[in-house]
Visitor: 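My questions will all concern the structure given below.
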Amino acid sequence: MKEGGSVTVLISGRGSNLNALIRHQSGYRIGHVISDKPDAGGLLLAQEAGIATTVVPRASFTSLATFKAGVLKAVLESNPDLVALAGCMVVLQPEFIQAFSGRLINIHPSLLPLFPGLHTHERALEAGVSTHGCTVHYVDAGVDTGPLIAQAVVSVLPQDSPETLSARVLTSEHSLYPWIVQRVMSKDITLEGRTVRYSPLASQEAREHGFSLHLTGETP
Ligand code: GRF
């Protein structure tokens, strides 16, 4: 990782987190955006910001395995210091996760380990939880199971619908993710084995922003 280094962002959709990462670009730059969906809105946002884009469409490959190898090839060619998943719907192959171990992060719209997978806002409301939010974590071979870096918590309101809750969580995603990318790039957040380490600066800034660290027991 190096301060001012290059981040490749993988998307599949509208790209609002990508947009937040582009707008922040402090201590890092977005070098490349890769999408498996040719019509992903985030591609336009990247192009407007003058960022190189690559589309790796599933339809161009004869098998899932060759498609996933194509995604890995595109990411390797972009030569990133860090890979940030932002609404990327491709389940990455083990080779990918190995190649970028400690340099591959994802944002998920729930307070993991609660509600991994899809439809998190509906499930949070059905479960009747009083708090919900988002998590940024390192990616491992499981679905939303990697070491947790930090979370932003929002209150669930009695009148919330999945849409209103999702909008509030999304706003918190847009402040959490750029900060984490900046602090991973500056090595104020690091991964040792499955333990996430924070510098005093990262801990202090997390407190100031109201982000939660050390919630899972995976961290000391
Ligand atoms: C976000 O809610 C993110 O947490 C999840 O997928 C959604 C992507 O939204 N992984 P956007 O494309 O960044 O707007």
Visitor: Taking T171 for the side chain and A167 for the main chain, is one N or O donor matched with an acceptor at less than 3.5 Å?
Guide: yes

Visitor: Which residue in the set V7, L85, V139, L82 passes side chain to side chain contact (heavy atoms under 4.5 Å, CB included) when paired with I105?
Guide: L82

Visitor: For C134, does its backbone N or O pair with a side-chain atom of S110 as donor and acceptor, under 3.5 Å?
Guide: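 No; judged by distance alone, with no hydrogens or angles, the pair does not exist.
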
Visitor: Report the C-alpha separation of T54 and E77 in whole Å, then their side-chain angles, then the decisive distance to 0.1 Å, and conclude whether the side-chain contact (heavy atoms from CB on, under 4.5 Å) test is met.
Guide: CA-CA 10 Å; T54 301; E77 282 171 4; over 6 Å; no

Visitor: Between V129 and L170, is there a shared hydrophobic cluster once you connect ILVMFWY residues whose side-chain heavy atoms come closer than 4.5 Å?
Guide: no

Visitor: Can you see which heavy atom on V56 is nearest to which on G70, and at what distance?
Guide: CG1-C, 3.9 Å

Visitor: Mark yes when over 12 heavy atoms from residues, nucleotides or ligands other than H119 sit less than 6.0 Å from its NE2; otherwise mark no.
Guide: no

Visitor: Which pair of heavy atoms, one from V184 and one from Y138, lies closest together, and at what distance?
Guide: CG2-OH, 4.1 Å

Visitor: Look only at the side chain of T120 and the backbone of F115, and say whether a donor-acceptor pair between them is shorter than 3.5 Å.
Guide: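 Absent.
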
Visitor: Are the side chains of V91 and K68 in touch, meaning some heavy atoms are under 4.5 Å apart?
Guide: yes

Visitor: Report the distance from atom CE of M185 to atom CZ of R103, rounding to the nearest 0.5 Å.
Guide: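 If we round to the nearest 0.5 Å, M185:CE and R103:CZ are 9.5 Å apart.
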
Visitor: Minimum heavy-atom separation for P57 and P38, please, with both atom names.
Guide: CB-CG, 4.3 Å

Visitor: With heavy-atom distances below 4.5 Å as the criterion, would you say the side chains of E173 and P109 are in contact?
Guide: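 E173 vs P109: side chains touch.
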
Visitor: Any chance you could measure E48, atom CD, to L43, atom CG, to the nearest 0.5 Å?
Guide: 11.0 Å

Visitor: Hey, what do you get for CZ (F67) to CG (D36), rounding to the nearest 0.5 Å?
Guide: 4.5 Å

Visitor: Apply the test side chain to side chain donor-acceptor pair (under 3.5 Å) to residues D81 and S6: give CA-CA distance (whole Å), side-chain angles for both, the deciding distance (0.1 Å), then the verdict.
Guide: CA-CA 5 Å; D81 296 298; S6 178; 5.2 Å; no

Visitor: Walk me through it: do S186 and R183 pass the test side chain to side chain donor-acceptor pair (under 3.5 Å)?
Guide: CA-CA 5 Å; S186 67; R183 288 299 160 228; 3.0 Å; yes

Visitor: Do L148 and V196 pass the side-chain contact (heavy atoms from CB on, under 4.5 Å) test, and can you show the C-alpha distance, the side-chain angles, and the key distance before you say yes or no?
Guide: CA-CA 7 Å; L148 309 191; V196 181; over 6 Å; no

Visitor: Would you sort out whether V83 and H32 count as a side-chain contact (heavy atoms from CB on, under 4.5 Å), showing the intermediate values?
Guide: CA-CA 10 Å; V83 178; H32 214 108; over 6 Å; no

Visitor: Restricting to non-hydrogen atoms, name the atom on A86 and the atom on V9 that form the minimum distance, rounded to 0.1 Å.
Guide: CB-CG1, 3.9 Å

Visitor: Hey, does the side chain of Q182 reach the backbone of W179 with a donor-acceptor pair shorter than 3.5 angstrom?
Guide: no

Visitor: If hydrophobic clusters are built by linking Ile, Leu, Val, Met, Phe, Trp and Tyr wherever their side-chain heavy atoms come under 4.5 Å apart, do V55 and L72 end up in the same one?
Guide: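 Different clusters: V55 never reaches L72 through Ile, Leu, Val, Met, Phe, Trp or Tyr contacts under 4.5 Å.
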
Visitor: If you count the non-hydrogen atoms of other residues, nucleotides and ligands that lie under 6.0 Å from CZ in R23, is the total more than 12?
Guide: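 Not more than 12 within 6.0 Å, no.
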
Visitor: Report the distance from atom CD of Q204 to atom CG of D188, rounding to the nearest 0.5 Å.
Guide: 10.5 Å

Visitor: Please name the pair of heavy atoms, one in I11 and one in A40, separated by the smallest distance, quoted to 0.1 Å.
Guide: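 Nearest heavy atoms, I11 then A40: CD1-CB, 4.1 Å.
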
Visitor: Quick one: does Q151's side chain have a donor or acceptor within less than 3.5 Å of a partner on L112's backbone?
Guide: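 Side chain of Q151 to backbone of L112: a pair is present.
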
Visitor: Name the orientation class of the two ring planes belonging to H121 and H132 (parallel below 30°, tilted from 30 to 60°, perpendicular beyond 60°).
Guide: perpendicular

Visitor: Honestly curious: do V33 and L76 fall in one hydrophobic cluster under the side-chain, below-4.5 Å linking rule?
Guide: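 Different clusters: V33 never reaches L76 through Ile, Leu, Val, Met, Phe, Trp or Tyr contacts under 4.5 Å.
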
Visitor: Roughly how far apart are L10 CG and L92 CG, rounded to 0.5 Å?
Guide: 6.5 Å

Visitor: Under 4.5 Å between side-chain heavy atoms, counting indirect links through other Ile/Leu/Val/Met/Phe/Trp/Tyr residues: same cluster for F211 and L114 or not?
Guide: no

Visitor: Can you tell me how far CD1 of I180 sits from NE2 of H137, rounded to the nearest 0.5 angstrom?
Guide: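 Interatomic distance, H137 NE2 to I180 CD1, rounded to 0.5 Å: 10.5 Å.
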
Visitor: Is the closest side-chain heavy-atom distance between L165 and V156 below 4.5 Å?
Guide: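 Side chain of L165 against side chain of V156, heavy atoms only: contact under 4.5 Å found.
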
Visitor: Look only at the side chain of R207 and the backbone of S212, and say whether a donor-acceptor pair between them is shorter than 3.5 Å.
Guide: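 Pair absent, no side-chain N/O of R207 close to backbone of S212.
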
Visitor: Can any side-chain N or O of T164 pair as donor or acceptor with the backbone N or O of D160 at less than 3.5 Å?
Guide: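 Side chain of T164 to backbone of D160, a donor-acceptor pair under 3.5 Å: no, none is there.
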
Visitor: Does the E192 side chain pair with the main chain of R197, one donor and one acceptor, at a distance under 3.5 Å?
Guide: no

Visitor: In the structure I gave you, are the side-chain heavy atoms of L64 and R58 within less than 4.5 Å of one another anywhere?
Guide: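 Yes, at least one pair of side-chain atoms sits under 4.5 Å.
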
Visitor: Quick check on the hydrophobic clustering: are L18 and L176 connected, directly or via other members, by side-chain heavy-atom contacts under 4.5 Å?
Guide: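 Yes; tracing contacts between hydrophobic side chains, which count when under 4.5 Å, links both residues.
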
Visitor: Check whether any side-chain heavy atom of R123 sits under 4.5 Å from a side-chain heavy atom of P116, and report yes or no.
Guide: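 With C-beta onward as the side chain, the pair touches.
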
Visitor: Quick one: does any side-chain atom of S101 pair with a main-chain N or O of Q98 as donor and acceptor, under 3.5 Å?
Guide: no

Visitor: Which heavy atom of I189 sits nearest a heavy atom of Y198, and at what distance?
Guide: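 Nearest pair, atom of I189 first, then Y198: CG1-CD2, 4.0 Å.
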
Visitor: Within the 4.5 Å heavy-atom criterion, are L191 and P147 side-chain neighbours or not?
Guide: yes

Visitor: Any heavy-atom pair between the side chains of I107 and T135 that's under 4.5 Å?
Guide: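 Heavy-atom side-chain distance check fails, nothing below 4.5 Å.
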
Visitor: Answer yes or no: is there a donor N or O on one side and an acceptor on the other, between the side chain of S172 and the main chain of V169, under 3.5 Å?
Guide: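 At least one qualifying donor-acceptor pair exists.
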
Visitor: Can you check whether S35 reaches T53 side chain to side chain, under 4.5 Å on heavy atoms?
Guide: no

